[in-house]
A.B. asks: 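This structure is in structure tokens; I'll ask about it shortly.
Nothing here was measured: the structure is a model prediction, and the numbers come from that model.
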Amino acid sequence: MYKLFWVGIAFLISLASTAQRKIPIDSSYNVNRVYSQISGDYPIAVPAKDSLPANVKATRNLVYNTLAHTPFGKRDLHLDVFQPKSEGLHPAVIMIHGGGWRSGTRFMQVPLAQQLAAKGFVTVPVEYQLSLEAKYPAAIHNIKAAIRWIKTHAATYQIDTNRIAISGCSAGGHLAALTGLTNGLTQFEGGQGVFTASSKVHAIVDIDGVVDFLAPASLNLVRKPDSPDIEWLGGSYSQKPDTWKEASPIFWATKETVVPMLFLNSGYSRFHAGQDELIGMMKEWNKYTEVYKFDVMVHPFWLFHPWIDTTAEVMAKFLQAQLPAAL
């Protein structure tokens, strides 16, 4: 009995220790740092700010999923909703931030989300687990859970569930493409959150995000052992070739399941690895695809004026055309 008592105490201490562990955070990717890197070459760049338009309502810091048991204890995942104040149902855009699957926050998507909301879309920046906390495929499971949550609460936020798009920037663009191109595939759903709605999306906006890790422009890059993609995928291509292929959105594109896609590109071609091949496939299948290129050597152009303004305009035009309201 005495021995069992101390075993129990040790177990409780272990649980408490686990619950108190802090999630490691890499804050290296942030607007101020990027601005300091580009402002010399691009003095026109002005960081976009969180500024709520008069015709937009914000509901922030909503919990869309709670992970009961993680190495860091109980874990809530959050999202924000920006919705037009006008009556009726609106199309929605799930928005995924970048940062090499390791850094960044959903708050970096807020200025773009606000601009799109002012143009008639319900926009939803989503938090997901980064690589220091959880490796692939945790992020994709998080995002699909967020989509199901949004659809379940669609009436509250005036969302038309037949007009749902997903967008993402850099690593978020990759995740947006992977989410959309795996519509209906059980193996990518995970077991998180609610399942009273599907995670299907009807359009994809990929902003400077790779669609094929195996394309030469990606695979031939010289990488360090702690490269963001190696870290997130749990090993290099030579160590985990099947995982690198599985995590490449292009390999899940089919004539039956592909949805309209918009690509917004910077001047850095390596972020577009596999894009030309995917566009070629979509054209053969007579599926709509569109490309808009910013001729600037600024990868996260969407974080700054004047490029964020053009980004919002191009996205809105594409989404209005590809997510038409029912007659």
Side-chain angles (χ1 to χ4, degrees), residues 23-26 28-29 64-65 67 69-72 75 77-79 94-106 108-109 125-148 166-193 199 201 204 206-215 217-219 221 223-253 257 270-275 278:
I23 297 170
I25 295 174
D26 178 353
S28 61
Y29 175 56
Y64 74 84
N65 187 26
L67 303 173
H69 304 290
T70 80
F72 307 97
R75 172 74 157 100
L77 292 168
H78 305 81
L79 54 76
I94 312 300
M95 305 183 71
I96 313 302
H97 72 81
W101 308 277
R102 174 188 171 107
S103 187
T105 73
R106 74 183 191 277
M108 299 176 82
Q109 294 286 280
V126 173
E127 176 188 24
Y128 60 94
Q129 291 175 288
L130 299 170
S131 62
L132 293 180
E133 177 184 358
K135 308 300 183 187
Y136 169 87
I140 195 76
H141 293 168
N142 299 158
I143 294 164
K144 285 184 179 275
I147 297 168
R148 295 192 301 268
I166 187 166
S167 74
C169 304
S170 191
H174 160 268
L175 287 168
L178 186 59
T179 299
L181 292 173
T182 56
N183 274 339
L185 294 181
T186 303
Q187 72 186 83
F188 286 94
E189 290 294 330
Q192 304 175 9
S199 62
V201 298
I204 300 168
D206 182 348
I207 306 175
D208 239 16
V210 171
V211 296
D212 186 2
F213 286 127
L214 276 57
S218 174
L219 199 59
L221 290 172
R223 292 175 168 88
K224 296 179 180 180
D226 62 348
S227 173
D229 44 14
I230 291 177
E231 186 174 51
W232 184 57
L233 295 170
S236 66
Y237 173 70
S238 62
Q239 294 169 321
K240 294 200 168 184
D242 292 343
T243 301
W244 281 58
K245 181 177 179 180
E246 179 182 291
S248 296
I250 194 171
F251 289 102
W252 302 103
T257 61
R270 69 184 182 90
F271 294 107
H272 319 141
Q275 185 180 117
L278 179 55

A.B. asks: Is the closest side-chain heavy-atom distance between L77 and L67 below 4.5 Å?
C.D. replies: yes

A.B. asks: Please tell me whether W232 and Y128 form a close aromatic pair, meaning their ring centres lie under 6.0 Å apart.
C.D. replies: no

A.B. asks: Consider only side-chain N and O atoms of E127 and H78, and report whether a donor and an acceptor are under 3.5 Å apart.
C.D. replies: yes

A.B. asks: Are a donor atom and an acceptor atom from the side chains of R223 and S218 found within less than 3.5 Å of each other?
C.D. replies: yes

A.B. asks: So how far is it from D206 CG to S170 OG, rounded to the nearest 0.5 Å?
C.D. replies: 9.5 Å

A.B. asks: Between the side chains of E189 and S199, does any donor sit under 3.5 Å from an acceptor?
C.D. replies: yes

A.B. asks: Any idea which heavy atoms bring L132 and P24 closest together, and the distance?
C.D. replies: O-CG, 3.3 Å

A.B. asks: From D229 CG over to L221 CG, what is the distance, rounded to the nearest 0.5 angstrom?
C.D. replies: 8.0 Å

A.B. asks: If we only count heavy atoms from C-beta on, is the I143 to I166 side-chain gap below 4.5 Å?
C.D. replies: yes

A.B. asks: Does a side-chain heavy-atom distance below 4.5 Å link Q187 with T182?
C.D. replies: no

A.B. asks: If you take all heavy atoms of E231 and S131, which pair is closest and at what distance?
C.D. replies: OE1-OG, 3.4 Å

A.B. asks: Considering all heavy atoms of both residues, which atom of C169 and which atom of Q109 are nearest to each other, and what is their separation?
C.D. replies: SG-NE2, 3.3 Å

A.B. asks: Measure the CD1-CE distance between I96 and M108 for me, rounded to the nearest 0.5 Å.
C.D. replies: 14.0 Å

A.B. asks: Which atom names give the shortest non-hydrogen contact between T243 and L233, and what distance separates them?
C.D. replies: CG2-O, 3.8 Å

A.B. asks: Could you give the distance from CG (L178) to CD1 (I250), rounded to the nearest 0.5 Å?
C.D. replies: 12.5 Å

A.B. asks: Mind running side-chain contact (heavy atoms from CB on, under 4.5 Å) on I230 and D226 for me, showing each step along the way?
C.D. replies: CA-CA 6 Å; I230 291 177; D226 62 348; over 6 Å; no

A.B. asks: Please determine whether ring pair (Phe, Tyr, Trp, His ring centres under 6.0 Å) holds for the pair Y29 and W101, giving the CA-CA distance in whole Å, both sets of side-chain angles, and the decisive distance to 0.1 Å.
C.D. replies: CA-CA 11 Å; Y29 175 56; W101 308 277; over 10 Å; no

A.B. asks: Do V126 and R106 have side-chain heavy atoms sitting under 4.5 Å apart?
C.D. replies: no

A.B. asks: Kindly indicate whether the side chain of Y237, heavy atoms from C-beta on, has any atom under 4.5 Å from the side chain of L214.
C.D. replies: yes

A.B. asks: Can you give me the closest heavy-atom contact between Q275 and V211, atom names plus distance?
C.D. replies: N-CG2, 3.5 Å

A.B. asks: Go through E246 and D242 one step at a time and tell me if the side-chain contact (heavy atoms from CB on, under 4.5 Å) criterion holds.
C.D. replies: CA-CA 6 Å; E246 179 182 291; D242 292 343; over 6 Å; no

A.B. asks: Tell me if the centroids of the rings in F188 and H141 come within less than 6.0 Å of each other.
C.D. replies: no

A.B. asks: Could you walk me through whether I204 and L181 satisfy the side-chain contact (heavy atoms from CB on, under 4.5 Å) test, starting with their C-alpha distance in whole Å, then the side-chain angles of each, then the deciding distance to 0.1 Å, before giving a yes or no?
C.D. replies: CA-CA 9 Å; I204 300 168; L181 292 173; 4.1 Å; yes

A.B. asks: Is there side-chain contact between H69 and R75, with at least one heavy-atom pair below 4.5 Å?
C.D. replies: no

A.B. asks: For a quick test of reading the model, state the closest non-hydrogen atom pair linking L130 to R102 and the distance between them.
C.D. replies: CD1-O, 3.3 Å

A.B. asks: Could you measure the distance from the CG atom of L185 to the CD1 atom of I140? Nearest 0.5 Å is fine.
C.D. replies: 10.5 Å

A.B. asks: After noting the C-alpha distance and the side-chain angles of D212 and L278, does the key distance pass the side-chain contact (heavy atoms from CB on, under 4.5 Å) rule?
C.D. replies: CA-CA 9 Å; D212 186 2; L278 179 55; over 6 Å; no

